[in-house]
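Taking it in order: structure first as C-alpha cells, then the write-up.
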Amino acid sequence: MKQYIKALLLVTPVLMISCIKDEELDTNADILEAYIPSEYLKTDPIVTNTSVEFRVKANTDLEKQTPFFIISPNATMDPPNGTTRDFTTSQQVTVTAQDKRWKKTYTVSFTSDELSTLYTFNNAELVDRNRYYRFYEVGSNGDKIYDWDSGNQGYATVAGSTPPDGYPTSISPGRRGGLAVKMQTVYTSNLGANTGNPIAAGNMFLGVFKLNIFNTLKSTKFGLPYTGDLPTSLRGMYKYEAGKVVTDSDFNEVPGAKDSFDIYAILFESQKKDNFQYGDHAFKDPRNVAIARIEEKDRKETKLWTEFNVPFNLLPGKTYDKTKDYVLAIVMTSSVDGADFKGAIGSTLIVDEIELVYEQENKN
C-alpha cells in the first residue's frame, strides 16, 4: 500500500502538469466596458457585440480622444489602450482572444447628435454572428447610431438555431415600402418554462440592453438624453394581433384572459449617473415628469395600419423646464405583462413611424 501511495504521489504532479498543458486557451474576445472622461459624456457608453458608442456633449473635441476599454481576460487589443485618434468619424478596434484564432472587430464612434424626433425604422442589420436584427439610425457624420435596443440578446441564450425572424424582435415590411419593427411573443424553452420565464415578449426601447441573468428586469435600461421642448404627444402607426392563449409565469393558461400590447414614453429628470430606468419601474420613479401612454381601450387588434397619438401629461406637482437636461424613454412590447412573463405566444405588434409631436403655433 505504501508503495502504491508513493507511486501515486509521483504520478500526480505529472498529471497536473499534463492537465495544465492540455487546458484550452481562452477564446473570448469582447469589449466589456468603455470609458472616457465623465465630463464629456451625456450618458453611459453603449457597448454592443460589435460596437461602442460614446454620446458626448456638443463642445467635445472629437479630433483627439483616448478611450479606454476593459476587454476579456487574456485578450489583446489593436490599437492598444492609450491610443489617441480622430473620432470625427468612427474608428475600429480589434480584440484578439488568448488562443489567437478568435477575433472581433468593434466600430467605435462618438456622436453629439440629439435624439431624433422621427423614427422610420428603415435601417436594420444582423448582429451577434447574424443571429438577430438590431435597428440603427444614421448620424450627421454617416456613423450608425444605436438609439434602439431590444431583449434579443437575452433570448439568444436559449434560441438555439432559431432564425432571425423567429426572435422576439425582428423586421417587417414598412408602411411606405421600407422597414418596420416587428415584435412577437415567443416561447423561450423548456428550461425557461420550468424556471418561471416561459415566454419572451417582443420589445423595442430607447436605451440599452445588458444581460443580467440573475434579474432579467434589470437587463433593460430605458432612456437616452433629451433636451428641448416638451413634446405635445407621441404619434405612430401600428398593427396588432393577439395570441390565442394567455399563460402566466408558470406557463399555466389564464382562463378568459386576452393579451394586449403597450406603447409609452416617459420623460424624466437627468442625474449624474444611472440615467435610465429598469424594466421594473412600474411608472413610479420619482424622477418622472411627463408620461404618454396608449390607453387600454385604444389597444385594438387591427390588420391595417392604424394611427395612435397619445398626449404627454405632466405628473402632479411636476413642471418642465426646457433649459434643463432630461431623459426620454420610449418603450413598445407585444405583451403588456411580458415583463412578468405573462402573455400569449403569437401576439404580434408591428410599429412604424414613431414621432414626437410638438404644438404648432397658430396661423392666422
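Computation of the quantities below employed the complete heavy-atom set of this structure, encompassing side-chain atoms and omitting hydrogens, waters and symmetry-equivalent molecules. The structure presented is a predicted model; accordingly, all values stated were derived computationally and were not measured.
- In this structure, Met77 CE and Ile70 CD1 are separated by 10.5 Å, a value rounded to the nearest 0.5 Å.
- Separating the NZ atom in Lys42 from the NZ atom in Lys57 is a distance of 10.0 Å, to the nearest 0.5 Å.
- Proximity of Asn123 to Phe135: side-chain heavy atoms (C-beta onward) are nowhere separated by under 4.5 Å.
- With a 4.5 Å cut-off on side-chain heavy atoms, Phe261 and Ile294 count as touching.
- Atoms CD and CZ, on Gln153 and Arg131 in that order, are 9.0 Å from each other to the nearest 0.5 Å.
- Judged as a ring-ring contact (aromatic ring centres under 6.0 Å, His included), the pairs with a partner in residues 171-205 (not counting sequence neighbours) are, in order, Tyr187-Phe251, Phe205-Phe222.
- Here the closest non-hydrogen pair linking Pro67 and Asn81 is O-OD1, 3.9 Å.
- Contact between Ile199 and Phe341 at its shortest, heavy atoms only, is O-CD2, 3.4 Å.
- Both Tyr358 and Phe308 are members of a single hydrophobic cluster when ILVMFWY side chains are connected at heavy-atom separations under 4.5 Å.
- In this structure, Val95 and Asp30 approach most closely via the heavy-atom pair CG1-N, 3.9 Å.
- Checking each of Arg175, Lys300, Arg235 against Glu307 for a salt bridge (charged side-chain N to carboxylate O under 4.0 Å, His left out) leaves exactly one that passes, namely Arg235.
- When all heavy atoms of Gly343 and Ser335 are compared, the pair lying nearest together is CA-OG, 3.9 Å.
- Linking ILVMFWY residues whenever their side-chain heavy atoms come closer than 4.5 Å, directly or via other members, leaves Met204 and Ile291 in distinct clusters.
- Just one residue in the list Thr169, Asp149, Val181 forms a side-chain contact (heavy atoms from CB on, under 4.5 Å) with Asn203, and that residue is Thr169.
- Checking Glu296 against Ser260 by side-chain atom types alone, no donor-acceptor pair falls below 3.5 Å.
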Going through the checks in order, is the salt bridge (Lys or Arg N to Asp or Glu O under 4.0 Å) test met by Lys218 and Asp280? CA-CA 7 Å; Lys218 300 298 185 184; Asp280 57 358; 3.1 Å; yes

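- Asp259 places a side-chain N or O within 3.5 Å of a backbone atom of Ala344 that can act as its donor or acceptor partner.
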Yes or no on side-chain contact (heavy atoms from CB on, under 4.5 Å) for Val108 and Phe69, after CA distance, side-chain angles and deciding distance? CA-CA 11 Å; Val108 182; Phe69 305 98; 4.0 Å; yes

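- Residues Ile36 and Leu41 meet the side-chain proximity criterion, which asks for heavy atoms closer than 4.5 Å.
- Side-chain atoms of Thr185 never come within 3.5 Å of backbone atoms of Ala201 as a donor-acceptor pair (strictly under, hydrogens ignored).
- For Thr107 and Ser90, the side-chain atoms include no donor-acceptor pair closer than 3.5 Å.
- Listed for the Tyr240 side chain is a donor-acceptor partner under 3.5 Å among the backbone atoms of Ser334.
- The shortest side-chain heavy-atom distance between Leu314 and Leu230 falls under the 4.5 Å cut-off.
- The nearest pair of heavy atoms linking Leu179 to Asn122 is N-OD1, 2.8 Å.
- The closest donor-acceptor contact from the side chain of Asp147 to the backbone of Leu115 lies at 3.5 Å or more, if one exists at all.
- In this structure, the side chain of Lys103 does not engage the main chain of Ala29 through any donor-acceptor pair within 3.5 Å.
- A continuous path of hydrophobic side-chain contacts links Ile71 to Val93 [ILVMFWY only; heavy atoms under 4.5 Å].
- Put simply, CZ on Arg85 and OG1 on Thr66 are 10.5 Å apart, with the number rounded to the nearest 0.5 Å.
- The backbone N or O of Ile46 lies less than 3.5 Å from no partner atom in the side chain of Tyr146, so there is not a single donor-acceptor pair.
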Show the numbers, then the answer: is there a side-chain contact (heavy atoms from CB on, under 4.5 Å) between Leu356 and Leu328? CA-CA 11 Å; Leu356 295 173; Leu328 174 66; 3.8 Å; yes

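- Atom-to-atom distance recorded for Ile145:CD1 and Thr111:OG1 is 3.5 Å, nearest 0.5 angstrom.
- The closest donor-acceptor contact from the side chain of Asn309 to the backbone of Ser233 lies at 3.5 Å or more, if one exists at all.
- In this model, a donor atom of one side chain and an acceptor atom of the other lie less than 3.5 Å apart for Asn197 and Thr195.
- Put simply, Leu315 and Val327 are part of the same group of oily side chains (I, L, V, M, F, W, Y) that touch within less than 4.5 Å, one to the next.
- Annotation: side chain of Glu269 is in contact with side chain of Lys318 (closest heavy-atom distance under 4.5 Å).
- The closest donor-acceptor contact from the side chain of Gln184 to the backbone of Tyr167 lies under 3.5 Å.
- Judged purely by atom type and a 3.5 angstrom limit, Thr162 has no side-chain atom pairing as donor or acceptor with the backbone of Gly160.
- Annotation for Tyr155 and Val186: closest pair CE1-CG2, 3.7 Å, computed over non-hydrogen atoms.
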Please test Thr333 against Leu349 for side-chain contact (heavy atoms from CB on, under 4.5 Å), starting from the C-alpha separation and ending with a verdict. CA-CA 7 Å; Thr333 180; Leu349 173 66; 5.9 Å; no

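- Judged by distance alone, the side chains of Thr43 and Asn275 never bring a donor and an acceptor atom under 3.5 Å apart.
- One finds no salt bridge joining Lys239 and Asp352 here, because no Lys/Arg side-chain nitrogen approaches an Asp/Glu carboxylate oxygen to under 4.0 Å.
- Ring-plane geometry between Phe121 and Tyr119 is classed as parallel, the angle between the planes falling under 30 degrees on a 0 to 90 degree scale with a further cut at 60.
- A donor-acceptor pair is defined here as one N or O able to donate and one able to accept, closer than 3.5 Å; no such pair exists between the side chain of Asp337 and the backbone of Asp340.
- When the shell of 6.0 Å around CH2 of Trp305 is examined, it contains more than 12 heavy atoms from other residues, nucleotides or ligands.
- In this pair, His281 and Tyr264 present their aromatic rings perpendicular. The plane angle is above 60°, beyond the 30 to 60° band.
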Please test Asp262 against Arg299 for side-chain contact (heavy atoms from CB on, under 4.5 Å), starting from the C-alpha separation and ending with a verdict. CA-CA 7 Å; Asp262 203 2; Arg299 301 172 195 167; 3.4 Å; yes

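- Looking at heavy atoms from C-beta onward, Tyr40 lies out of side-chain contact with Asp61 at the 4.5 angstrom threshold.
- Just one residue in the list Glu53, Glu125, Glu137 forms a side chain to side chain donor-acceptor pair (under 3.5 Å) with Lys144, and that residue is Glu125.
- Counting heavy atoms from C-beta outward, Gln277 and Asn288 have side chains that approach closer than 4.5 Å.
- Side-chain contact between Leu62 and Val56 is present, with heavy atoms from C-beta onward closer than 4.5 Å.
- Leu234 and Leu224 fall within the same hydrophobic cluster, defined by Ile, Leu, Val, Met, Phe, Trp and Tyr side-chain heavy atoms under 4.5 Å apart, directly or through other members.
- Each of Phe312, Phe268, Tyr320 was scored for a ring pair (Phe, Tyr, Trp, His ring centres under 6.0 Å) with Tyr326, with one residue passing: Tyr320.
- The distance from the CZ atom of Phe87 to the OG atom of Ser109 is 9.0 Å, given to the nearest 0.5 Å.
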